[in-house]
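Here is the structure we will look at.
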There are 2 protein chains.
Amino acid sequence: MKKSHTKQELLEAMARHALKHGLNSASLRPLAKAAGTSDRMLIYHFGAKEGLIRELLLFLANDLAIRLDGALPARRAKNRHECISEIVALLRTGPFLPYMRVWFDIVSSAAQGGRDHVQAGSVMMSGFHAWLKERLPQGEEQPDALASSMLTLVEGMAVMDMVGQTDMADLAMETLFPK
Amino acid sequence: MKKSHTKQELLEAMARHALKHGLNSASLRPLAKAAGTSDRMLIYHFGAKEGLIRELLLFLANDLAIRLDGALPARRAKNRHECISEIVALLRTGPFLPYMRVWFDIVSSAAQGGRDHVQAGSVMMSGFHAWLKERLPQGEEQPDALASSMLTLVEGMAVMDMVGQTDMADLAMETLFPK
DNA sequence: AAGGGAATGTAGCGACTGCTACAATAGACT
DNA sequence: AGTCTATTGTAGCAGTCGCTACATTCCCTT
């Protein structure tokens, strides 16, 4: 072996690159450069770009889960409004913006029928749902339904944010989960 | 003049192509072929690809508005649940799937900082909001807030649909706007 | 020490990208 | 009729894409 980058190390570096520069527009040579290797070696390790993307997506899904866990302590919110508004504030925070951009790359590719993207997106939402459920106010009778509601609304708000309709997003949140 | 395609005709044909094959991956030669002309002529008419995309986005925004108007009569829904579930059902309908795919192409590009995409997305959401407001149940005291809520939730549901989390989308809707 | 397989570099292929230089044609106007 | 301008075709450039053939180097095993 000369350098013997681990697949994990490669994925880590490529994930960092994808978070900075986008996922859909990522091509082998820039990814390789970011990971300190060559396109030649990426194909060698992952077989083809398709496999690389698949593994990169799973890595990113896991990475987001870790990042979410680290960002907000696993404690119960005081009430519904505080719960969702904390989450929204968190996602609008600098460190999470790259994840949001990559997230919509994934959604867009999933919409075009990319099965790997659908799967990765599904994994991400499941993880997000579980994470959110642990942070709901105490005593909620239907935590699944409430977590689904909040998560779905949060996703819609993210869409609105991306197209400059932050006001509409905020209004929706304040209306559905008022103080 | 030999053929003298109108810009409008070109945009129409290219919009059809974008709805079929995606917007982010659209390149000049396929677009030109779909419009019965050449990449050479597209550049001639639009100056550069950037201008073409800009005009195509506005065309699509207008097209979506027209399509929405034509799809559901401008009548008031009986209640909130009927209102939103009709809209969701409509958007999940075959003819609207291409628009959803293109929509998330736009959101994804907007997330990457594409100003034209942000603007087009904003126009689309404003139009959608106005359209929805006319179809709210009668007697709602805060139509803007309610329309924003429903629209934002619908967008979140669309995201969930794209990544195969239709169940979560439905659960959210039934929870926030129960029968 | 010899062999073997894993890892890497170099070079390049064919297809595609947005875009352009050059020339030809067609119509409108004087 | 002759000129001018708008429109179009042909050909191609320089760059990027995913991927591969070939050769080399390295470490581990025997």
Side-chain angles (χ1 to χ4, degrees), chain A residues 1-15 17-18 20-60 102 105-106 108-109 112-117 120, chain B residues 1-15 17-18 20-60 102 105-106 108-109 112-117 120:
Chain A
M1 302 183 206
K2 292 187 179 176
K3 293 181 184 174
S4 114
H5 283 128
T6 311
K7 260 190 170 185
Q8 279 303 312
E9 291 172 338
L10 292 176
L11 287 171
E12 208 176 304
M14 290 191 294
H17 181 267
K20 246 188 221 162
H21 302 91
L23 189 59
N24 286 345
S25 60
S27 43
L28 287 182
R29 267 165 266 240
L31 283 174
K33 192 176 173 186
T37 179
S38 66
D39 57 330
R40 166 71 181 72
M41 288 312 297
L42 291 186
I43 298 288
Y44 176 75
H45 283 304
F46 297 94
K49 195 190 181 184
E50 190 184 333
L52 190 159
I53 296 296
R54 179 164 36 238
E55 298 206 34
L56 188 51
L57 287 171
L58 296 182
F59 182 93
L60 284 166
V102 164
D105 276 349
I106 293 173
S108 143
S109 292
Q112 304 291 340
R115 300 183 193 181
D116 296 333
H117 294 78
Chain B
M1 304 185 204
K2 292 186 178 177
K3 292 182 185 174
S4 111
H5 283 129
T6 312
K7 259 189 172 188
Q8 279 303 313
E9 292 171 338
L10 292 176
L11 287 171
E12 208 176 303
M14 290 191 294
H17 180 267
K20 248 189 219 162
H21 302 91
L23 189 57
N24 286 345
S25 59
S27 43
L28 287 183
R29 266 165 268 241
L31 283 175
K33 192 175 174 187
T37 179
S38 66
D39 56 331
R40 167 69 181 74
M41 289 313 296
L42 291 185
I43 297 289
Y44 175 76
H45 283 303
F46 297 93
K49 195 191 180 183
E50 189 184 333
L52 189 159
I53 296 294
R54 180 164 35 239
E55 299 206 34
L56 188 50
L57 286 171
L58 296 182
F59 182 93
L60 284 166
V102 165
D105 276 348
I106 293 173
S108 146
S109 291
Q112 303 292 339
R115 299 181 193 183
D116 295 333
H117 294 78

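Reminder, nothing fancy here: chain letters follow the sequence lines and each chain counts from 1.
- Taking atom CD on E9(B) and atom C1' on dT7(D), their separation rounds to 15 Å, with Å as the unit.
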- Could you please spell out the steps behind the side chain to side chain contact (heavy atoms under 4.5 Å, CB included) verdict for D116(B) and I53(B)? CA-CA 8 Å; D116(B) 295 333; I53(B) 296 294; 5.8 Å; no
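- Contact annotation: H45(B) side-chain N/O to dT8(D) OP1/OP2 distance is under 4.0 Å.
- As a whole-Å value, the separation of Y44(B) OH from dA24(C) P is 18 Å.
- Between the side chains of Q112(B) and D105(A), at least one donor N or O lies within less than 3.5 Å of an accepting N or O.
- Within the 4.5 Å cutoff, side-chain heavy atoms of L57(A) are placed close to those of L23(A).
- Going from atom CD1 of I53(A) over to atom P of dC17(D) covers 13 Å, rounded to whole Å.
- Although no hydrogens or angles enter the test, the distance criterion places a donor-acceptor pair under 3.5 Å between the side chain of E9(B) and the main chain of T6(B).
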- Task: Please report the C-alpha distance between L28(A) and L52(A) in whole Å, then the side-chain angles of each, then the deciding distance to 0.1 Å, and finally whether the side chain to side chain contact (heavy atoms under 4.5 Å, CB included) criterion is met.
- Result: CA-CA 9 Å; L28(A) 287 182; L52(A) 190 159; 4.0 Å; yes
Are any protein N/O atoms closer than 3.5 Å to N/O atoms in nucleotides 15-21 of chain C? If there are, list each pair with its distance.
unit_1: dT17(C); atom_1: OP1; unit_2: S27(B); atom_2: OG; d: 2.1
unit_1: dG18(C); atom_1: OP1; unit_2: L28(B); atom_2: N; d: 3.4
unit_1: dG18(C); atom_1: OP1; unit_2: K49(B); atom_2: NZ; d: 2.7
unit_1: dG18(C); atom_1: OP2; unit_2: L28(B); atom_2: N; d: 2.9
unit_1: dG18(C); atom_1: N7; unit_2: R29(B); atom_2: NH2; d: 2.7
unit_1: dG18(C); atom_1: O6; unit_2: R29(B); atom_2: NH2; d: 3.1
unit_1: dC19(C); atom_1: OP2; unit_2: K49(B); atom_2: N; d: 2.7
unit_1: dC19(C); atom_1: N4; unit_2: D39(B); atom_2: OD2; d: 2.6
unit_1: dA21(C); atom_1: N6; unit_2: R40(B); atom_2: NE; d: 3.4

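- Screening residues 20-48 of chain B for ring-ring contact (aromatic ring centres under 6.0 Å, His included), with sequence neighbours left out, gives H17(B)-H21(B).
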